[in-house]
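Start at 1 and go down the list; that is how both ligands and their atoms are numbered. Basis for what follows: all heavy atoms, side chains included, without hydrogens, waters or symmetry-related copies.
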Amino acid sequence: MHLTTIEISKQVLLNNIQLIRAAIPGTGKICFPVKANAYGHGLIKIAQITQDYVDYFGVSCLNEGITLKKNGITKPILVFGAFSAELISGFIKHQLEITISSELKAKQIIQYCHQHNTSVKIHLKVDTGMNRVGVRPDTAIKLIKFIGENNKYLEFVGIYSHLVNSEIANDELTLQQLQTFKQVVDFAKQYNPNLISHIANSGAICNYPQSYLDMVRPGIMTYGYLPTTTCTNTNLHKITPCLSLKSKIIYAKVVKQNIGVSYHHTYITSQDTKIVTIAIGYGDGYRRSLSNQGYVLLHGKKHPICGNICMDMLMVDIGATSKGKVGDEVILIGKQQDQEITLQELAQMCNTITYELLTGFSARVPRHYI
Ligand SMILES: *Cc1c(COP(=O)(O)O)cnc(C)c1O
């Protein structure tokens, strides 16, 4: 038994998917991004739990895709990330769908497929404003023609792009990106009318119904976090986090006033009090920057983290009268009685985003699916 656990509610996760389905009218598909260990929730289990409810999975690299295929995932898997020539055989062997973003990459694949008398499903990535991976819209036209000429090897199944500012409603750049993308899609559909066009991430699902197209890619939202406080799609207001982070008191001691706690004594007790040690630290992914800032829930009440967070432990000042004792459960993220600590508030304290905290929970923290 581990003292620190991440608990994931299957029902909440599936309910979030249902809410997203209801929020995208019509027959639009859902591609569920499970990259980065399913945003820290556990790649294999999250995919297994959700595969009957989504249409596609999105991963960032070949290895994540292979892991899914080896663990019974039969839904199509799109690898968002770039590949190098020596990885092409892996994509084909495991029937993973490839992102193409240049003619050079297309040629590498054609060469391989020609030599091995095979073909592969591809999605074309168009750069409409991120200025990272992707073919520019004007060059895309030429590349689409090239793909069309080589459809014996390149099965042109999808076309996509990624938005810069989607969590902001009525954003000019976003509207521009959507317009640019749609022009390229219209051209590409001449080559395959069934082409799956997709651009909407969670932010766009909140604010841009015109972005839903043939498929949406809700990542953070499916795990239960809206990336914006101004989500105009009201169907989504019931989205709920499926993850909670729990640990236990492993030591309790009564200390006098004016006593320093933890490394460098950055916390000095202001009165006689009880200090408890909790079995979680930055080695688990609980950020050290929450030292003297964060709090935990014990017996339904908030108590402050005191002193510097250590690699494997942190201390909490629970006050002289608290009944907290060794073995008691504490909640670091989630609900206890009528109190809640949200991931968003921790992210704000750490000056980062929910995504980074989620992907930072380390492998030694067991994930339980309830
Ligand atoms: C991660 C990712 C998403 C999901 O983004 P969210 O903001 O989590 O919804 C969508 N599309 C691509 C290409 C991604 O890499």
Side-chain angles (χ1 to χ4, degrees), residues 13 16-17 19-21 23-24 28-41 43 46-47 50 54-65 68 76-83 96-101 122-135 157-169 171 174 177-178 181 185 196-209 211-231 233 235-236 239 241-243 343-344 347 352-360:
L13 181 65
N16 287 342
I17 296 174
L19 290 169
I20 295 166
R21 282 251 181 249
I24 52 160
K29 295 176 190 286
I30 293 179
C31 170
F32 181 22
V34 289
K35 62 194 184 194
N37 198 28
Y39 288 44
H41 291 66
L43 173 62
I46 291 295
T50 57
V54 300
D55 305 286
Y56 251 87
F57 288 105
V59 295
S60 80
C61 60
L62 177 61
N63 275 339
E64 290 176 334
L68 290 182
I77 299 167
L78 168 60
V79 179
F80 296 136
F83 64 90
L96 297 163
E97 301 185 12
I98 304 190
T99 294
I100 286 200
S101 52
I122 59 136
H123 294 240
L124 178 64
K125 178 89 182 269
V126 184
D127 182 6
T128 55
M130 281 290 281
N131 286 304
R132 49 175 205 191
V133 173
V135 59
V157 296
I159 183 165
Y160 74 108
S161 187
H162 199 57
L163 295 165
V164 174
N165 276 338
S166 64
E167 66 278 5
I168 304 165
D171 173 68
T174 306
Q177 284 190 275
L178 290 173
F181 182 59
V185 169
I196 304 168
S197 60
H198 48 111
I199 191 168
N201 55 4
S202 296
I205 298 169
C206 286
N207 292 323
Y208 296 91
S211 71
Y212 300 166
L213 306 181
D214 303 310
M215 183 157 79
V216 296
R217 306 189 304 262
I220 199 79
M221 174 187 277
T222 311
Y223 301 100
Y225 311 92
L226 296 183
T228 166
T229 50
T230 56
C231 174
N233 191 329
N235 293 295
L236 298 166
I239 289 279
C242 63
L243 171 147
L343 182 71
Q344 287 98 328
T352 184
I353 53 176
T354 52
Y355 303 69
E356 195 185 23
L357 292 188
L358 287 174
T359 54

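Of all protein heavy atoms, the one closest to atom 11 (N) of ligand 1 is Arg217 NE, 2.7 Å.
Considering each of Met221, His162, Lys125, the one bringing a non-hydrogen atom nearest atom 12 (C) of ligand 1 is His162.
Of the N or O atoms in Phe80, none lie within a sub-3.5 Å distance of an N or O in ligand 1. Backbone and side-chain nitrogen or oxygen atoms of Tyr355 are examined, and one is located within less than 3.5 angstrom of a nitrogen or oxygen of ligand 1. Below 3.5 Å of separation, one finds an N or O of Ser202 facing an N or O of ligand 1.
Atoms of ligand 1 found under 4.0 Å from any heavy atom of Lys35, numbered from 1 in the order shown, are 1 (C), 2 (C), 3 (C), 14 (C), 15 (O). Listed by atom number, the atoms of ligand 1 under 4.0 Å from Pro33 heavy atoms are 3 (C), 4 (C). Residue-ligand proximity, Tyr39 to ligand 1, at heavy-atom distances under 4.0 Å covers atoms 1 (C), 4 (C), 5 (O), 6 (P), 8 (O). Numbered from 1 in the order shown, with element, the atoms of ligand 1 that lie under 4.0 Å from a heavy atom of Ile220 read 6 (P), 8 (O), 9 (O).
A donor-acceptor pair under 3.5 Å is absent between the side-chain atoms of Asn37 and the main chain of Tyr39, judged by distance alone. For the pair Asn165 (side chain) and Ile168 (backbone), a donor-acceptor distance under 3.5 Å is absent. Not a single donor-acceptor pair under 3.5 Å links the side chain of Asn235 to the backbone N or O of Leu19.
The structure places CZ of Arg217 at 7.5 Å from CG of Leu163, a figure rounded to the nearest 0.5 Å. Distance check, rounded to the nearest 0.5 Å: OH of Tyr223 to CG of Leu358 gives 9.0 Å. The distance from atom NE2 of His123 to atom CZ of Phe80, rounded to the nearest 0.5 Å, is 9.0 Å.
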### Task
Check the pair Thr222 / Asn16 against side-chain hydrogen bond (donor to acceptor under 3.5 Å, both in side chains), numbers first and verdict last.
CA-CA 6 Å; Thr222 311; Asn16 287 342; over 6 Å; no

